[in-house]
Amino acid sequence: MPFKDLRQFIETLKTTGDCLEVNREVDWDQEIGAIGRRVCERSGPALLFNRIKDYPEGFRIFSGSLCTYRRVAIALDLPADAAVREIFAEYDRRNQHPVKPVVVKDGPCKENILLGDDADLHQLPAPLVHSGDGGRYIGTWSLTVCKDPDSDWTNWGMYRFMVYNRRHITGQPRLNSQLGMILHQKYIPKKKPMPMALVIGAEPITSLVASASYRKGVSEADYAGALRQQPVELVKCETSDLLVPATAEIVIEGEVLPDQVGEEGPFGEFPGYRTEGINMGVTCRIKAITYRNSPILSMIALGVPPDANSVATPIASSLAVRDHLRRHGAPVLHAYSPPHGVLHTIFISVKPGGRDTANKILDGLTLRRSDWSKVIMVDEDVDVFDIGQVLHAFSVKCHPIRGIYAREVEPGKAHCLTPCYSPEERRDLRGAIVLFDCTWPPEWSSFRDIPPKNSFDGIYSEEIKKKVLENWAEYGLKV
Amino acid sequence: MVRAKKEYQVYVPSIQEGLPEGREIVLTVKDLTPGRRKYDNKVVKAIVSRSADSLPDSDVLRVRSWMGVLYPDPWAIRIIEEVGELIPGVPHGETLLRQKG
């Protein structure tokens, strides 16, 4: 059964030992962020902070929603100890069957409604997540809703937003993000403000889908329904026609201004460094805030892996890469970006491997945006979900000269947050991508050129393997 | 009675570029007064100086680099007036300008 809201998920995590309530008063100014960050780095539980300095009882913060594969499995209603490969397979299976959302007349997110001048962002306990961040980030693990005015397409995205002042938030949806595209193609040329809603504390799968890369024109709500195996319930905003998850904890309604901007950033980001500096951000003027009684503000203390962004977000991204490359003719079997790859490094298994496949992969990954900067390509006998196997293949099968394919990425396509890029490269969105070919060249003969793999499966006859496996328990072995 | 000094914070691409001393400049500062409104942004016309002694009736200005690294020595700021909440501009204006080249 899917979780109907974040609260039900939190209650389940408490029973499984995956969430701890902190009842000591904590400060929204860096303390909560520091606690959340340290717990992430120690793969600790999710945290529900029940007493926040400067805020009345009832206002709470939840940190670390999907920072472990255990919590992702629970969110998907899988056994908590499901293997990573199983989580990916189940996500992939459900993702094939979109389920349209249903629109309801009312929802818990409307228990409190503040309109106009009454809508003051300071009433919400937005944290200053890291020392030196440019502001209090109210949107870190949240979803942003906007709509293409000329079609049915409603876009969800996960973009950071900070409190600029009582009635403005500023954020960094990138220029080439889907929100950026809708804003610059449909609203700015007409000098019209764009309606937007920032949804905080949605049920965990709904939030996760917002971070996924679906194609332009695809409404993420359909895929949240797919993963939940039940439609998402949506309710209309108070000040626009946008639809938002009805059981969300907090909804901030506003409009993106086409001709005024405010400073945004810097913010310690998902690659594990604060790479991007202050910018003139996408600026949203608030028109309403609606929230549940005793609202829970969901946040992520982004940083070095693991955290929700490095654990959960790559599931959809890896599957999207696999499907995208297959559509472009690359013979991809599996794709996986492990948490410590922070959406910069991806492992891809192929059949066959070699130069042609490597070039097809690089062509595919540099077509629109090129967020990935390192690809490790392996043969089908290497399990991409086993980092040890991938590292072994990289160590012995990647030729230091012939096996490395590097390309520059044209301006406008690279990632602005990649730490190894110079500040100038990050500002111009210039960069590079490298593929390490850890496959046997397709022209190599299996008799003369390809060394037999010195493993149980690779080097023993079928007869001896069968004998050993049949007698395994009799040898006294339990491994 | 001596007025209690307020504290503000500013982010600059470089000291030379962002904080010319001794003349009126327009900058966005964050108010560091404790409480819920801490870190609120204001666009102000102000004069700044490395030395509080050379800027009477000034407040404290904490200076951070573009990526948020705190410079060790605080500056001084005298705010002449607040000039607005936001500034004219297009979202992603800096990126668009660079792309035009």
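We name chains A, B, ... by the order of the sequence lines, and we start the count at 1 in each one.
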**Report entry** Within 6.0 Å of CG in Asp117(A), more than 12 heavy atoms from elsewhere
**Finding:** no
Report task. May I ask you to name which of Val90(B), Val12(B), Asp31(B) has the most heavy-atom pairs under 4.5 Å with chain A? Result -> Val90(B)
Query raised in the report: Most heavy-atom pairs under 4.5 angstrom with chain A, which of Gly89(B), Pro13(B), Gly93(B)?
Result: Gly89(B)
Report task. Tell me, out of Gly134(A), Pro173(A), Gly262(A), who's got the most heavy-atom pairs with chain B below 4.5 Å. Result -> Gly134(A)
Report summary line: Checking Val261(A), Leu257(A), Asp259(A) against Leu86(B) for side chain to side chain contact (heavy atoms under 4.5 Å, CB included), the one that qualifies is Leu257(A)
Requested in this report: Using atom types as modelled and distance alone, determine if a side-chain donor or acceptor of Glu94(B) lies under 3.5 Å from a backbone N or O of Met280(A).
Outcome: yes
Query - N/O donor-acceptor pair under 3.5 Å between His92(B) side chain and Gly281(A) backbone - result: no
Report summary line: Bottom line for Arg285(A): the part with an atom under 4.5 Å from chain B's heavy atoms is side chain
Requested in this report: May I ask you to check if Arg427(A) and Trp66(B) form a cation-pi contact, with NZ or CZ under 6.0 angstrom from the six-membered ring centre and within 45° of the axis?
Outcome: yes
Query - Segment of Asp29(A) engaging chain B (4.5 angstrom heavy-atom cut-off) - result: side chain
Query raised in the report: Considering heavy atoms only, which positions within residues 36-55 of chain B lie below 4.5 Å of chain A?
Result: Arg36(B), Arg37(B), Lys38(B), Tyr39(B), Asp40(B), Asn41(B), Val43(B)
Report task. Mind running side chain to side chain contact (heavy atoms under 4.5 Å, CB included) on His168(A) and Glu85(B) for me, showing each step along the way? Result -> CA-CA 9 Å; His168(A) 294 94; Glu85(B) 290 180 291; 3.5 Å; yes
Report task. Give a yes or no on this: more than 12 heavy atoms of other residues, nucleotides or ligands lie within 6.0 Å of atom CD of Glu25(A). Result -> yes
Report task. May I ask you to list the residues in residues 185-198 of chain A that approach chain B closer than 4.5 angstrom, counting heavy atoms only, ordered by number? Result -> Ile188(A)
Report summary line: Note: vs chain B, highest number of non-hydrogen pairs under 4.5 angstrom among Thr275(A), Val163(A), Leu183(A), Thr283(A) is Thr275(A)
Query - Per-residue contact mode, His184(A) against chain B (heavy atom under 4.5 angstrom) - result: side chain
Query raised in the report: By a 4.5 Å heavy-atom criterion (distance strictly below it), what part of Leu70(B) contacts chain A: side chain, backbone, both, or neither?
Result: neither
Query raised in the report: Any donor and acceptor pair, going by atom type alone, linking the side chain of Tyr11(B) with main-chain N or O of Gly265(A) inside 3.5 Å?
Result: no
Requested in this report: Measure from the side-chain N and O atoms of Lys30(B) to the backbone N and O of Gly135(A), and report whether any donor-acceptor pair falls under 3.5 Å.
Outcome: no
Requested in this report: Identify which of Phe267(A), Tyr273(A), Tyr55(A) forms the greatest number of heavy-atom pairs closer than 4.5 Å to chain B.
Outcome: Tyr55(A)
Query raised in the report: At a heavy-atom separation under 4.5 Å, does Arg167(A) approach chain B through its side chain, its backbone, both, or neither?
Result: side chain
Report task. Might you confirm whether atom CD of Glu81(B) has over 12 heavy atoms from other residues, nucleotides or ligands at distances under 6.0 Å? Result -> yes
Query raised in the report: Can you name the closest pair of heavy atoms from Pro258(A) and Pro91(B) and give their distance?
Result: O-CD, 3.6 Å
